[in-house]
Each structure stands twice: as C-alpha cells, then as structure tokens.
Novice: 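Okay, here's the structure, questions in a sec.
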Number of protein chains: 2
Amino acid sequence: MLDYVSGEKNLVKSLDEKSETLPDHIGWRLWQASRAWQTEFAAAMRAAGHHWFTEARAGLLGHIPRGGMRQSALIERSAISKQAVQQLLDGLETEGVLQRLPDPQDGRGKLVRYTRKGLDALRDGDRIKLQIERSYVARLGHERFAALMGALRSLDRTQADALDKASGVQDDAPESK
Amino acid sequence: MLDYVSGEKNLVKSLDEKSETLPDHIGWRLWQASRAWQTEFAAAMRAAGHHWFTEARAGLLGHIPRGGMRQSALIERSAISKQAVQQLLDGLETEGVLQRLPDPQDGRGKLVRYTRKGLDALRDGDRIKLQIERSYVARLGHERFAALMGALRSLDRTQADALDKASGVQDDAPESK
DNA sequence: ACCAGTAGTCAAGATGCTTGACTATGTATC
DNA sequence: GATACATAGTCAAGCATCTTGACTACTGGT
C-alpha cells in the first residue's frame, strides 16, 4: 500500500529543488485539525451504527438543542440558506432522526424535534466526543488543551465584533443581496 | 412510537425557556474557527480579483509547492480521490492558474506547475494570510496566539501516530477503502 | 378586506466529491 | 523480446450538498 515511497527519487529529481514544506499558518492548521476531528467523529458515529451520519448533517444537528426548535430559528442560526436547511431536514426526517410538527403558535411555522433515534444518536455523540477529547488531552496535556479551547472560544467571541466592524466600515459587501 | 407527540406543551415550554445551548466542545470550536478563517480568506481573495478562488481549490493548492509537483504526488498528499484531484486541476487549468506538462522522466506522469497568474494569487494569498493573522494576534495577544498555533501543530504531529495505532491495533471500521 | 412581511416548499442547477471502467506507460520476469 | 502486473492519468456516471428563483400559505397591521 505504501510502496510508492520507493519511487520518490524520480520525483525529487524532476523538481527544480526539493519539495517545499506544507503550509503552516493558522488557517491551514485550523482546517487540518477540524477535518481530522470531523473524520474521526463521523467514523466513530457510523461505527456505532448511525449510518445516516454525515458531516453536513452533523453541522446542522449541532444547532438544534435537545428540546427542538422552530425551523425558522434553525435557518437563522445556521449559516446556510433555508433551502439547504430544508433539504438536510428532509433527509434527517426520512432517516427517522428528526420529526417536523406544525407549530401550534404559528400556522406558518414548523417545529423540529428529535425522535428517540435522534436522541440516541446525540447520546452516542456525546460519549464519542468525550473519548476524542480525552485523546486530545492525552496528546497535549491538560494545560495546553485548556489553552487551546480558551483561545478558540476567544476567537469565537470576538468574531461578531470583527464582523460588525467590517460591515460598518467597508462597503464591499452590501447586505441588500 | 410517537409518544413524544403528546408532549407538545413541553416542547413549547422548552422553547420559551431558551434552553438553547450551542455546542462547546473541541470539534465544534475547531469547525467554527476553521470556517470563519476560510470564509474571511476566500472573501479577501475574491475581493483582490481572484474570482476563481474557492475553498475546495484552496485546499488543493495548499498542497502544491511553488515549484510544482507530480500530479501523482499531489494525489498522494491530498486526502481525496485522484478523480477529485483531477477535476479540481481541470478547473484550475481552465482558469489559467495552473499548467499540466508531461513529465520528461515518466511518460505516464504529469507535472503540475503554477502559471504567473497562479503565482500572483499565491503572493496575494500570503499577504492576506498575514493580515488575518495579525487580526487574530490582536484579538488573542501574542502569547495566546502562539499557544494556539503550538497546540494545533502538536495535534497535527501526533495525528499520524494516532492513526498508525488505530489501524495497527483496532479492526473496528471497515469503511470502504 | 387588503397587503406587506414571514415561514416554508418546489424546482433547477452548480460544485465538489465518489466509484467504476478504461487507456497508456513503466517495470519486472522469464 | 514477450508477457504480466503495477502505476499515472482520464472519462463517465452518480450522489450529496448547497445555491438562486419562483411559488404557496399564513400572520399581523391598517
């Protein structure tokens, strides 16, 4: 499977110089770390029997609290179009993970609720998250892991401010799209 | 089976009570931070005139050093199928960002090289990366930013070991390879 | 009753990835 | 050389995800 390593002398020679190093900036590192986590988590979820689990669906489910929520609120919270939300919900409903019920308070609205199957998946997801987190702590140590989480939380907290400033000062993104 | 339907009032109540708790685990934070960075970077690149720039293409370009490389090496390095790599390369070649030349050392192979347009984009990309990084440092402080980068690098460095262990010891997930 | 705004749906299409099947070339073996 | 297998790349089809545009149904203010 890894036999192609033996042919690397040709590769090195064919380039002007030896290969440059991979990127090492914050965006690349965040991307790689995020992908590694998601890949590991999705694999564990599917191994736990949740074959419907995909990363896109996970992204949406992450916005839905256990008590359920209005579909419109979900659309507002997630960063994607309402049609994309709907299609993801359609799939999750077909899989039996979620249910959509009419909102008794508003004839236009729908309430999104977890089914038992969905709640079971959430429970397994929590367990897997803790497992992965433990491995991260083992690799970094408690202190550095806490520093990592703290830094990421700080970035998230200051993100809204940064966006406000950007939309207030710049004019490259008119909101009337 | 549908017993949860009977608890409609509970649902409404739980919505009113603002039980909304967004996730706060390492995977979620990494995902949000990564998405925020990519969105900001892609927007800046397109604002700089590189309208062909997308996040998928960026992910591929990140693996291609300035001196170019064998297409087969790129396939090996990126985590996606050779057909996906090819389609991305097709698009980038059509956009004039890259060029594919026959490998003089191997009649089967192709060399992927940047055009001037591609090198210009890399240069702008480096500038934008530094800008974003500066804003991150401003939001976190030098020390916490360095800690963040260090932790992400450590995770990346220990990732290979973790995967080796997983594939060598466990036999859990027979996921289509 | 009217009408503007909101919630959700339907339809069509673009992008980014997948697997399967294929051609062309290199390499090892006899 | 001939043969057989491996490697590099391409072509085709399909699926998942996300987009925009057009639409229906309902709400609330006047």
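Below, chain A is the first sequence line, B the second, and so on; all start at residue 1.
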Novice: Could you tell me whether the side chain of Arg113(B) and the main chain of Arg100(B) form a donor-acceptor pair under 3.5 Å?
Specialist: no
Novice: Sugar-phosphate means primed atoms, P, OP1 and OP2; the rest is base. With that split, encode nucleotides 18-30 of chain D 5' to 3' as B, S or - using protein heavy atoms under 4.0 Å.
Specialist: BBBB----BS---
Novice: Leu61(A) has an atom CG; how far is it from atom C1' of dT17(D), in whole Å?
Specialist: 15 Å
Novice: Rounded to the nearest angstrom, tell me the gap between atom NE2 in His51(A) and atom P in dA16(D).
Specialist: 16 Å
Novice: So, is Ser72(B) near the phosphate of dG9(D), with a side-chain N or O under 4.0 Å from OP1 or OP2?
Specialist: yes
Novice: Got a donor-acceptor contact below 3.5 angstrom from the Glu55(A) side chain to the Ala42(A) backbone?
Specialist: no
Novice: With a 4.0 Å cutoff (strictly under), does any side-chain N or O of Thr54(B) reach OP1 or OP2 of dT15(C)?
Specialist: no
Novice: Nearest whole angstrom, please: distance from the P of dA16(D) to the CG of Leu89(A).
Specialist: 16 Å
Novice: Using a cut-off of less than 4.0 Å, is there contact between a side-chain N or O of Gln86(B) and OP1 or OP2 of dT10(D)?
Specialist: yes
Novice: In terms of ring plane angle, is the pair Phe41(B) and Phe53(B) parallel, tilted or perpendicular, where the classes change at 30° and 60°?
Specialist: perpendicular
Novice: Separation of Glu93(B) atom CD from dG9(D) atom P, in whole Å?
Specialist: 12 Å
Novice: Examine Arg29(A) relative to Trp31(A) and say whether NZ or CZ is less than 6.0 Å from the centre of the six-membered ring and inside a 45° cone about the ring axis.
Specialist: no
Novice: Just how far, in rounded Å, is P of dT6(C) from CZ of Arg70(A)?
Specialist: 13 Å
Novice: Do the non-hydrogen side-chain atoms of Leu61(A) and Tyr114(A) ever get within less than 4.5 Å of each other?
Specialist: yes
Novice: OP1, OP2 of dT9(C) versus side-chain N and O of Arg100(A): anything below 4.0 Å?
Specialist: yes
Novice: Nearest 0.5 Å, please: how far is CE in Met149(B) from CZ in Arg144(B)?
Specialist: 16.0 Å
Novice: Would you kindly give the CG-to-P distance between Leu101(A) and dA7(C), to the nearest whole Å?
Specialist: 18 Å
Novice: Could you check whether any side-chain N or O of His25(A) sits under 3.5 Å from a backbone N or O of Gly27(A), counting only pairs where one atom can act as donor and the other as acceptor?
Specialist: yes
Novice: Between atom CD1 in Ile75(B) and atom P in dG16(C), what is the gap in whole Å?
Specialist: 18 Å
Novice: Take the protein atom CE of Met69(B) and the nucleotide atom C1' of dG9(D), then report the distance between them rounded to whole Å.
Specialist: 15 Å
